[in-house]
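Quick one: the structure is below, and I'll ask about it shortly.
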Amino acid sequence: MPSTETWWRDAVIYQIYPRSFADADGDGMGDLPGITARLPHLRRLGVDAVWLSPFYPSPQHDAGYDVADYRGVDPRFGELGDADKLIATAHDLGLRIIVDLVPNHTSSEHAWFRAALAAAPGTPERERYIFREGRGTNGELPPNSWQSVFGGPAWERTADGQWYLHLFDVSQPDLNWDHPQVRTEFVDILRFWLDRGVDGFRVDVAHGLIKDADLTDWTAPATVLGGLEPVGPPPPMWDQEGVHEIYRQWRSVLDEYPGGRILVAEAWVQPEERLARYVRPDEMHQAFNFPYLEAPWSPKELREIIDSSLASNAAVGATTTWVLSNHDVVRHASRLGYPVGEKRRPGIGAGDPQPDTGLGLRRARAASLLMLALPGSAYLYQGEELGLPEHTTLADEHRQDPAWERSGHAERGRDGCRVPIPWEADAPSYGFGPADASWLPQPAIWAEYALDRQVDVPGSTYELYRSALAARREHGLGAGALAWEGLGPEALAFRNGAVLVVTNFGAAPVALPPGARVLLSSEPLDAGGRVPTDVTVWAVL
Ligand code: NOJ
C-alpha cells in the first residue's frame with residue numbers, strides 16, 4: 001500500500017557535500033558528526049530535508065561517487081553509528097534525510113570488481129560489469145568509440161587484454177544492469193538504508209544504467225554534467241528505455257515503507273517531456289530540473305523553461321523541481337556574473353576570465369528569490385544561502401576533480417564549488433572545523449561570506465533566504481499554482497496565490513501595481529518604489 005505522504009511535492013531540500021560542510025575532528029575533511037552538530041542551522045534556515053552526497057567507503061577518486069561498499073561509512077567521515085545519529089537528530093529536528101545512491105558504477109576497489117579482475121575473461125565474475133574484447137587485429141583498440149564524461153576513452157584495458165567500460169573515471173567501472181545479481185544487490189542496498197530510516201535516495205546518473213545492446217559507436221563526447229545533450233535521439237549510453245523498469249521495481253520497494261520515501265533522479269535529459277518519463281506515477285518522485293539550471297538569465301528563456309517544466313510534469317502527475325547550484329556546476333553566484341548567453345563553464349581557474357562578483361551575487365539573489373516562489377520543490381546547495389561564489393582562483397596544483405587530469409587540463413573541473421564553507425569569519429578554517437585545515441584551500445574572501453557575519457544582519461543573503469523560506473511556507477507557494485502577469489518584455493511577473501512575484505531583467509525600473517505591499521526584495525527598491533535591474537520582489541496586493 002503506497003504511503004500517502006507527499007511531503008516532497010513542495011519541499012525545499014538542502015544538499016550537503018559531506019567533505020565540505022563541517023569538520024568535527026579537525027582533519028580538514030568534513031564528516032558526519034560535523035554535519036549532525038550543524039543541523040540546527042538548517043532547521044533555523046527553514047529547509048524541509050537534507051540530501052547528503054556519498055559518505056560510503058571509497059578510495060575517493062571521484063569524491064565518493066566511486067563507492068567500494070554501499071553499506072558502510074568511510075572512516076574519513078565517521079562510522080555507521082554516526083550515520084544513525086545523524087538520521088535520528090535530523091528527524092528530531094523535523095528534517096528528512098535523503099542519501100545518494102550510485103548504481104551506474106562501483107569503485108574499482110569494490111569487492112565485485114576486484115573479483116572480476118582476478119577472474120579470467122568469460123567467467124561469471126566479469127559478467128557483473130561490461131567487459132569486452134577490443135577491436136583491431138590484436139584487440140588493441142577499444143571496443144567502441146565512446147568517450148568518458150571526464151575525458152579520454154570510456155574503455156580501459158586490463159592486463160589480460162580485455163577492456164571494461166567506464167563512462168566516468170577509470171576507477172568507476174560501469175555495472176551490467178542486465179545481470180540479475182546487480183538488480184538484487186541494489187534492492188538490498190535500498191532496504192539497508194530504508195531500514196535505517198532514510199527518507200529517500202538521490203539516484204546518481206539515473207539515465208545511464210542501461211546501454212544500448214550493441215554498444216553502438218557514438219562519436220560525440222558523452223556530455224553530462226558539462227551540459228545537456230542536444231535534443232534528438234538519445235545517445236546509446238543515456239536515457240535508454242530499459243532504465244524505467246528498474247525504477248518501477250525500486251518504487252515498489254519504497255512503497256512498502258511508511259512515511260513517504262522518495263527517489264530523485266539525476267538525469268541529464270531533455271526536452272522536459274523526456275525527463276518527465278522518470279517521474280511517472282509508478283517510477284521516481286522527482287527529477288532534477290537541469291534545463292532550468294542551464295537557462296540563461298533571460299526572461300524569455302526562463303519563462304519558456306518554467307512553462308515546459310510545469311506542463312510536462314503535470315502531464316504525469318508530478319510536481320516540478322527547481323535547482324540553480326550543486327557540487328557539479330559553477331555556483332550560480334559566479335555563473336551569473338558572466339555575460340548573458342555565454343556557455344556555462346565547467347570550472348574556473350585563476351587564468352580564466354573572471355566573473356563580475358557583484359553582478360553575480362545581485363543576480364543570484366534575484367534568481368534564488370524567483371526560484372523559491374515557483375510551485376514545486378526546490379533544491380539548494382550548501383553555501384548558496386550565504387551568497388557564496390565559486391573559488392575562481394584555486395591554484396591548479398590543488399585540483400582533485402578527475403575531470404582536470406582526464407581532460408588533459410582542458411577543463412578545470414568542479415573543485416571550485418566544493419571548497420569547505422565558512423561559518424565564522426575569524427576562526428581557523430572559517431569555522432569549518434576546529435583546526436586550520438581544509439582539504440581544498442579556502443580563499444581569503446570567505447570571511448565576508450561567513451554565517452556569523454550574516455545572521456541577524458538585515459539584507460544579508462542568509463537573512464534573505466531565511467525570510468524567503470518562511471514566507472514561502474506561510475503563503476503555501478510550493479503547493480501553489482503560477483499565473484503569468486504582463487509587466488513588460490523585460491520582466492518576469494507571475495502570481496502564485498496571493499503573492500505577486502516580479503523579476504526585472506531590463507535596464508529600466510519596473511513599477512509595481514498600485515497598492516502592492518512588498519514582502520521581500522532581493523535588493524532595495526528605487527526611490528520611486530520600483531523594481532530595479534536584476535532584482536526580484538515578492539508583494540501582496
Ligand atoms: C554525478 C555526480 O553528481 C558527479 O559528482 C559524479 O562525478 C558523477 N555522477 C559520477 O558518479
Side-chain angles (χ1 to χ4, degrees), residues 13 15-21 51-68 70 74 98-110 113 129 146-152 154 165-175 177 186 189 201-209 211 221-229 237-239 243 263-269 278 286-290 293-294 321 323-331 344 346-347 379-382 390 399-407 411-419 440:
I13 302 173
Q15 180 190 358
I16 287 183
Y17 196 62
R19 309 176 134 240
S20 304
F21 187 69
W51 149 37
L52 296 164
S53 280
F55 49 76
Y56 316 110
S58 159
Q60 304 284 326
H61 293 308
D62 184 21
Y65 282 94
D66 47 329
V67 180
Y70 290 85
D74 192 290
I98 293 172
V99 294
D100 220 306
L101 186 73
V102 188
N104 180 67
H105 43 265
T106 68
S107 159
S108 50
E109 291 188 18
H110 189 281
F113 195 71
Y129 294 89
W146 294 5
Q147 299 294 299
S148 140
V149 171
F150 294 150
L165 178 70
H166 60 91
L167 287 180
F168 293 88
D169 190 50
V170 61
S171 63
Q172 294 167 296
D174 280 55
L175 283 163
W177 272 88
F186 273 85
I189 294 165
F201 302 88
R202 174 266 189 192
V203 181
D204 191 64
V205 203
H207 60 318
L209 274 51
K211 283 78 184 170
T223 60
V224 61
L225 309 175
L228 290 155
E229 295 285 348
M237 68 291 280
W238 304 133
D239 199 24
V243 296
L263 294 166
V264 185
E266 188 230 12
W268 291 80
V269 168
Y278 288 76
Q286 296 187 330
F288 291 111
N289 192 343
F290 294 128
L293 183 153
E294 296 277 3
T321 67
V323 62
L324 291 166
S325 281
N326 64 31
H327 66 293
D328 288 328
V329 301
V330 169
R331 285 179 175 276
R344 182 164 65 75
Y379 276 82
L380 307 180
Y381 177 48
Q382 65 178 39
E390 187 86 356
R399 298 197 182 278
Q400 298 198 19
D401 182 353
W404 168 240
E405 287 301 333
R406 285 199 61 89
S407 69
E411 279 188 17
R412 303 271 179 194
R414 302 161 291 173
D415 295 300
C417 64
R418 299 175 173 183
V419 175
L440 283 174

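Order of appearance sets the numbers: ligands from 1, and atoms from 1 within every ligand.
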* Under 3.5 Å, is there a donor-acceptor pair linking the side chains of Asn289 and Thr321? -> no
Sequence neighbours excluded, the answer for salt bridge (charged side-chain N to carboxylate O under 4.0 Å, His left out) partners of Asp415 is none
Note: ligand 1 atoms sitting under 4.0 Å from heavy atoms of Arg414 are 4 (C), 5 (O), 6 (C), 7 (O)
Per-atom filter on ligand 1: closer than 4.0 angstrom to a heavy atom of Phe150 are 7 (O)
Within 4.0 Å of some non-hydrogen atom of His105, the atoms of ligand 1 are 10 (C), 11 (O)
Does Arg418 pair with Asp328 as a salt bridge, N-O distance under 4.0 Å? yes
So Phe168 and Trp238, would you call those rings parallel, tilted or perpendicular, with 30° and 60° as cut-offs? tilted
Ligand 1 atoms nearer than 4.0 angstrom to some heavy atom of Val205 are 9 (N)
*Measure from the side-chain N and O atoms of Ser58 to the backbone N and O of Asp66, and report whether any donor-acceptor pair falls under 3.5 Å.*
yes
Out of Trp268, Phe168, Tyr17, the nearest non-hydrogen contact to atom 8 (C) of ligand 1 is supplied by Phe168
Only residue of Phe288, Phe21, Tyr381 satisfying ring-ring contact (aromatic ring centres under 6.0 Å, His included) with Trp51 is Phe288
The answer for which part of Arg418 has a heavy atom under 4.0 Å from ligand 1 is side chain
Quick look: Arg202 vs ligand 1, heavy-atom contacts under 4.0 Å, and the answer is side chain
